[in-house]
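Here is the structure we will look at.
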Amino acid sequence: MNTTIQNQKPTSLLYLDGVSVSFDGFKALNSLSFVVEPGELRAIIGPNGAGKTTMMDIITGKTRPDEGEVFFNGTVDLTKKDEAEIAQLGIGRKFQKPTVFESHTVWDNLELALNRKRGVFATLFYRLSPEDKGRIEEILETVRLTGRKDDYAANLSHGQKQWLEIGMLLAQEPQLLLVDEPVAGMTDAETVETAVLLKEIAKTRSVVVVEHDMGFIRDLGVKVTCLAEGSVLAEGSIDFVSSDPKVIENYLGR
Ligand SMILES: Nc1ncnc2c1ncn2[C@@H]1O[C@H](COP(=O)(O)OP(=O)(O)OP(=O)(O)O)[C@@H](O)[C@H]1O
Ligand SMILES: [Mg+2]
């Protein structure tokens with residue numbers, strides 16, 4: 001356990017302490033401890049295989065830790081919940097590959113995402129309320145897709161599909177949004193816009209974003225956690241972390 005973070009547990013949004021998990025004897029996470037505050041935007045960097053995605057698997061209940069504590073809102077033990085319960089609690093996750101409904105319009109994708117929250121029965125008898133319409137319009141603005149609302153998702157660029165999927169997650173009003181490598185494959189302009197977009201989103205919720213693109217991380221201008229071999233190697237501002245000799249040796253200098 002990490003005694004220096006224990007006192008942060010009650011006020012944290014996300015709290016991991018001493019989290020370890022092995023796959024066939026290989027320790028993907030090795031006593032990982034870190035804390036995300038309510039409303040915080042946190043960037044996670046680190047070499048391939050450092051355990052960044054595994055960390056998200058642990059938070060979302062896809063993988064169970066062998067040891068350690070994982071708490072949401074200071075009191076909810078995520079290791080006791082399954083994936084559906086964790087999503088219901090308000091933790092949304094964006095995987096690397098966009099999973100939008102290509103044969104539906106941008107608007108319909110967002111409407112479907114809004115309905116997903118209600119469950120099948122409610123959806124059967126459901127008509128779009130003015131509030132929902134307003135919410136979809138608001139999300140369209142946030143994810144820069146107002147001008148594309150009637151287009152099929154299939155016709156969006158890769159970056160716009162990523163934004164649409166972020167919009168679909170926003171429709172579920174998560175308190176915490178986990179985003180794994182959002183700018184991989186994006187154009188430079190889309191990458192710049194994604195940093196702005198995530199900063200806007202983090203005004204109303206917490207966001208944890210994993211990325212290898214250091215220009216993007218720098219644009220975010222937030223606290224950075226560098227993972228290596230399943231634990232925290234360094235944490236702090238981008239300048240602090242990127243000048244750490246351990247970070248240079250394990251990641252940046254490669
Ligand atoms: N379900 C699993 N079964 C077996 N091994 C796994 C599993 N999930 C992750 N691993 C292993 O754990 C290690 C950490 O992987 P992880 O995907 O978390 O790294 P990462 O930091 O996300 O890397 P990248 O930057 O390449 O995405 C890797 O060696 C990976 O092969
Ligand atoms: Mg990964």
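Index from 1, following the sequence.
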Do side-chain atoms of D17 reach the backbone of E69 as a donor and acceptor pair under 3.5 angstrom? no
Side-chain donor-acceptor pair under 3.5 Å between T191 and D188, yes or no? no
Indicate whether the side chain of T146 and that of E137 have a donor and an acceptor atom separated by less than 3.5 Å. no
What distance do I136 atom CD1 and D108 atom CG have between them, rounded to the nearest 0.5 Å? 8.5 Å
Shared ILVMFWY cluster between V183 and V208, side chains joined below 4.5 angstrom? no
Nearest-0.5 Å distance, NZ of residue K94 to CH2 of residue W163: 13.0 Å
Ignoring hydrogens and angles, tell me if any N or O in the side chain of H104 forms a donor-acceptor pair with the backbone of L112 under 3.5 Å. no
Side-chain ion pair, R135 and D132, N-O less than 4.0 Å: no
Could you tell me the separation between the CZ atom of F34 and the CD1 atom of I44, rounded to the nearest 0.5 Å? 4.0 Å
Answer yes if V232 and V222 sit in the same cluster of Ile, Leu, Val, Met, Phe, Trp and Tyr residues linked by side chain heavy atoms under 4.5 Å apart, and no otherwise. no
In this structure, CD1 of I91 is separated from OG1 of T60 (nearest 0.5 Å) by 8.0 Å
For E190 versus Q160, what's the shortest heavy-atom pair and its separation? OE2-N, 4.0 Å
Using every non-hydrogen atom in the two residues, find where L89 and V76 come nearest and quote the distance to one decimal. CD1-CG1, 3.7 Å
For L128 and W107: C-alpha separation, side-chain torsions, deciding distance, then whether side-chain contact (heavy atoms from CB on, under 4.5 Å) applies. CA-CA 12 Å; L128 202 62; W107 180 280; 3.9 Å; yes
Taking the side chain as every heavy atom from C-beta outward, state whether V106 and V100 have any atom pair closer than 4.5 Å. no
With distance as the sole test, does Q172 use its side chain to make a donor-acceptor pair with the main-chain N or O of L169 at under 3.5 Å? no
Can you confirm whether more than 12 heavy atoms, excluding those of K9, are under 6.0 Å from its NZ atom? yes
Taking the side chain as everything from C-beta on, heavy atoms only, tell me whether L252 gets closer than 4.5 Å to S242. yes
Please verify the inter-ring angle class for F71 with Y15; under 30° counts as parallel, over 60° as perpendicular, anything in between as tilted. perpendicular
Report yes if some heavy atom in the side chain of K223 is under 4.5 Å from a heavy atom in the side chain of E37; otherwise report no. no
Can you check whether L227's main-chain N or O pairs, donor with acceptor, with S231's side chain at less than 3.5 Å? no
State plainly whether one hydrophobic cluster holds both V70 and L176, where clusters connect Ile, Leu, Val, Met, Phe, Trp and Tyr through side-chain heavy atoms under 4.5 angstrom apart. yes
Within the 3.5 Å criterion, strictly below it, is a donor on S206 or E40 matched to an acceptor on the partner's side chain? no
Lys/Arg N to Asp/Glu carboxylate O, E211 vs K52, below 4.0 Å: no
Would you name the heavy atoms of S22 and K27 that are closest together and state the gap between them? OG-CG, 3.3 Å
Is it true that S20 and D66 share a donor-acceptor pair across their side chains at a distance under 3.5 Å? no
Apply side-chain hydrogen bond (donor to acceptor under 3.5 Å, both in side chains) to residues T54 and D57 and explain how you reach the verdict. CA-CA 5 Å; T54 304; D57 291 342; 4.8 Å; no
Distance-only polar pair, side chains of N73 and T75, donor-acceptor under 3.5 Å: no
Derivation of the side-chain contact (heavy atoms from CB on, under 4.5 Å) call for E165 and K161: CA-CA 6 Å; E165 195 180 5; K161 284 179 192 171; over 6 Å; no
Looking only at heavy atoms, which two atoms of S31 and G18 are closest? And how far apart? OG-CA, 3.5 Å
Is it the case that one hydrophobic cluster holds both F216 and L178, taking links as side-chain heavy atoms less than 4.5 Å apart, direct or via other members? no
So V179 and P182, do their side chains get closer than 4.5 Å, heavy atoms only? yes
Donor + acceptor pair across side chains of T53, D180 (<3.5 Å): yes
Is there side-chain contact between R64 and V21, with heavy atoms separated by less than 4.5 Å? no
Measure the spacing between CG of L78 and CD1 of I58 and express it to the nearest 0.5 Å. 10.5 Å
Could you pull out the closest heavy-atom pair between D244 and A234, with the gap in Å? OD2-CB, 3.6 Å
Can you tell me how far CG of L164 sits from CG of D151, rounded to the nearest 0.5 angstrom? 11.0 Å
From CA spacing to verdict: side-chain contact (heavy atoms from CB on, under 4.5 Å), E102, L156: CA-CA 9 Å; E102 303 248 336; L156 298 177; over 6 Å; no
Going by atom types alone, do T225 and R42 pair a side-chain donor with an acceptor below 3.5 Å? yes
Are any side-chain N or O atoms of R205 and backbone N or O atoms of P174, one a donor and one an acceptor, separated by less than 3.5 Å? yes
Ignoring hydrogens and angles, state whether a donor on the side chain of Q88 or K81 is under 3.5 Å from an acceptor on the partner side chain. no
Which heavy atom of I139 sits nearest to which heavy atom of L170, and what is that distance? CD1-C, 4.2 Å
Going by an N to O cut-off under 4.0 Å, is there a salt bridge joining D82 and K62? no
Could you check whether any side-chain N or O of Q175 sits under 3.5 Å from a backbone N or O of G90, counting only pairs where one atom can act as donor and the other as acceptor? no
Electrostatic pair R144:E200 at N-O distance under 4.0 angstrom: yes
T194 side chain near Q162 side chain, heavy-atom distance below 4.5 Å: no
Between N250 and K246, is there a donor-acceptor pair closer than 3.5 Å when you use the side chain of the first and the backbone of the second? yes
Just wondering, do M214 and I45 contact through their side chains at under 4.5 Å, heavy atoms? yes
Same cluster or not: F95 versus V209, using hydrophobic residues (I, L, V, M, F, W, Y) connected whenever any side-chain heavy atoms lie under 4.5 Å apart? no
pair L16-S33: side-chain heavy atoms closer than 4.5 Å: no
